[in-house]
Amino acid sequence: MTTKPIVTLGIHEGLMAAAALVVDGELRAACAEERLTRKKNQAGIPLRAIETVLATAGLSIDDVTMIAPSTQDAIIPTIDDMPTSQTTWRFYDAYGLGGRLLASIERRWPASRALTVPSDFARRLGRRLLQRTRAAAISAATGADAQRMVSYDHHTSHVMALAAVAGSEQQLVFTLDGEGDGLSGSVSWFRAGQRPELIGSVSRNASLGHIYAGVTGHLRMRSHQDEFKVMGMAPYAHDSARDACRDRLRSLLWVERDSAGTPDIKSSRGTRLAPRFIGDYVRDFRFDTQCGGVQALCEETILEWTSAWVRHLGLDHDGVDVGLGGGVFMNVKANMRIAQQAWANSVTPVPSCGDESCAVGAAFLAYLDACAATGRDAQFQRANDLYLGPAWSDADIRQTVDRASAAHGLHVERPADISDRTAALLADGHVVARFCGRMEWGARALGNRSILADPSRHDSVREINKRIKSRDFWMPFAATILAEAASTYLQTPPAQSSPHMMLAFDTVPERWHEIAAGTHPYDRTCRAQILERRANPEYYRLIERFRDRTGIAAVLNTSLNLHGEPMVNSPDDALGTLLDSDLAFLTLEDFLISKPTPA
């Protein structure tokens, strides 16, 4: 008799709302709502993403064993983040009521005072209200039985997302973010096939994520979105000024041991570090100094905290496999510092480890619970790649190609070998957008929704910035490097890889010039995707063909989108990017679309 598969659906409803589908321990599909609504960092119930991941796996909502929201406490989005569904509007009306009740009581009785009972009571009350209204709204919107919904802890979801990519039997996992379910960080043991074991936590009142977001907002950039721009500017700061700014911020947050000798991150304030408050600490410093100061605080605090935990557990001599989760670990420079430590045998960041990854973790947590309820052994299957979004049929591609030719006067050809033709264009100095196969999961372009260029040409950066992406002038691009050539260009720590572009690396000075356009122009570090052939054979082959022509086993790789827009999802999205920019070439599967050459 065939056993019915266990299908679990994880969802995240805050900024970068997302859905993920796990079938019998395998991550089958994952998608962020923004790719479908075309609104950057879309928040709310990810109704379109739910439909997409189910359709991608060929399933319906009736096939789902459990639905798993990834946070237990209230997440209150702004009005601008509200989805348009009336069901979702009603949901957030109740959702916001529970959150406002919680916030009001906590303002009267903050956790730092002795009167903690009202705050604890409010949190439990808000959580119950949230879970009831959430279940009712998702049920009404999707047709799912509300009894199949179980909410999971935010930071446990961050940790559990490693189940998709973890390569070792046991990892020491650190999480850091703005906040979630009362915490801004955690320390856990993650063991294959088991629920994470929490051994340490960081209060939301000592949030490194809120400090970084506060500086980002103070610089008139978008908090929780533009932190990567702050990281990009940081190397330009003068050392002494940077350190002075860092020391000012360090008066807010530091690492110390508690009464039991356990490492912890502490804050001088007993309440949440509001972003608007952070600006008062840095306003006397220049723009680049503020960026450098908060980046230095981030790197040094993370390194001190993680190292203290490794020593506390007695692992500093033998080393340990490390996992990283939460939005703060989107900071590839901080991740690089950890990977360079002698005690780090390997470092595995959760791919796209912001809150969108909580949907993945919650789906795996629900899978564990479903296995326990049915008496089955949990068996996780490590993902070979992150191409987990939708693919498009030949008919869809053909419609877009026909429209490009007829409606817009674009030239369309179908080369015998699209990878070889693309490599030839790159070698000739052209910038080419590539749309192929299933959309990648997460914030990083991994070749299927990418803009590619010759990484040795400095003018590639200027062309992409000025004519296509309109990025800030100081922002670096990334590179995809064939795994067999990684040590040629990168100073990679032993046993360390970067298949999902979640680490930065120092470059090999003698070969830096070959990938210069895909590195940071000031410190020459590279945010690299180290590509194995099995992960994406066609993309690998394209770079091989480029290497055959140029001797360079890498390409510049940036996401296929216009500035401020989400990465493209559909063929029409890709065509729109071509038409709305000065991009000259777009490959749609095995078609090449190009604009007429000016007379």
field: Passing candidate, side chain to side chain contact (heavy atoms under 4.5 Å, CB included) with Ile265, options Leu208, Ile302, Asn205, Leu253
entry: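 Among Leu208, Ile302, Asn205, Leu253, the one meeting side chain to side chain contact (heavy atoms under 4.5 Å, CB included) with Ile265 is Leu253.
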field: Partner of Phe329 under side chain to side chain contact (heavy atoms under 4.5 Å, CB included), chosen from Ile338, Val350, Val347
entry: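 Checked Ile338, Val350, Val347 against Phe329; only one passes side chain to side chain contact (heavy atoms under 4.5 Å, CB included): Ile338.
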Flag the pair [X] and [Y] as a salt bridge only when some basic side-chain nitrogen lies within less than 4.0 angstrom of an acidic carboxylate oxygen.
X      : Y      : result
Lys229 : Asp472 : yes
Glu197 : Arg191 : yes
Asp288 : Arg242 : no
Asp523 : Lys333 : yes

Any donor-acceptor pair under 3.5 Å from His155 side chain to Leu183 backbone: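 Checked: pair present.
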task: Output yes when a side-chain donor or acceptor of Ser498 lies under 3.5 Å from a complementary backbone atom of Ala528, and no otherwise.
output: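 Between the backbone of Ala528 and the side chain of Ser498 there is a qualifying donor-acceptor contact (under 3.5 Å).
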task: Under the side chain to side chain donor-acceptor pair (under 3.5 Å) rule, collect the residues that match up with Asn465, sequence neighbours excluded.
output: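 Per chain and number, Asn465 pairs via side chain to side chain donor-acceptor pair (under 3.5 Å) with no residue.
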task: Please report the C-alpha distance between Asn331 and Glu299 in whole Å, then the side-chain angles of each, then the deciding distance to 0.1 Å, and finally whether the side-chain hydrogen bond (donor to acceptor under 3.5 Å, both in side chains) criterion is met.
output: CA-CA 9 Å; Asn331 192 305; Glu299 291 182 24; over 6 Å; no
When you check the side-chain N and O atoms of [X] and [Y], is any donor under 3.5 Å from an acceptor?
X      : Y      : value
Thr216 : Asp226 : no
Asp506 : Thr525 : no
Asp153 : Gln72  : no
Asp177 : His158 : yes

message: Counting only heavy atoms not in Phe287 (residues, nucleotides, ligands), do more than 12 fall under 6.0 Å from its CZ?
response: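 Atom CZ in Phe287 is packed in, count exceeds 12.
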- prompt: For the residue pair Val159 and Thr175, what are the closest heavy atoms and their distance?
  reply: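 Where Val159 meets Thr175 most closely, the heavy atoms are CG2-CG2, 3.6 Å.
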field: Distance-minimising heavy-atom pair for Arg222 and His563
entry: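 What the structure gives for the nearest pair is NH2-NE2, 4.5 Å.
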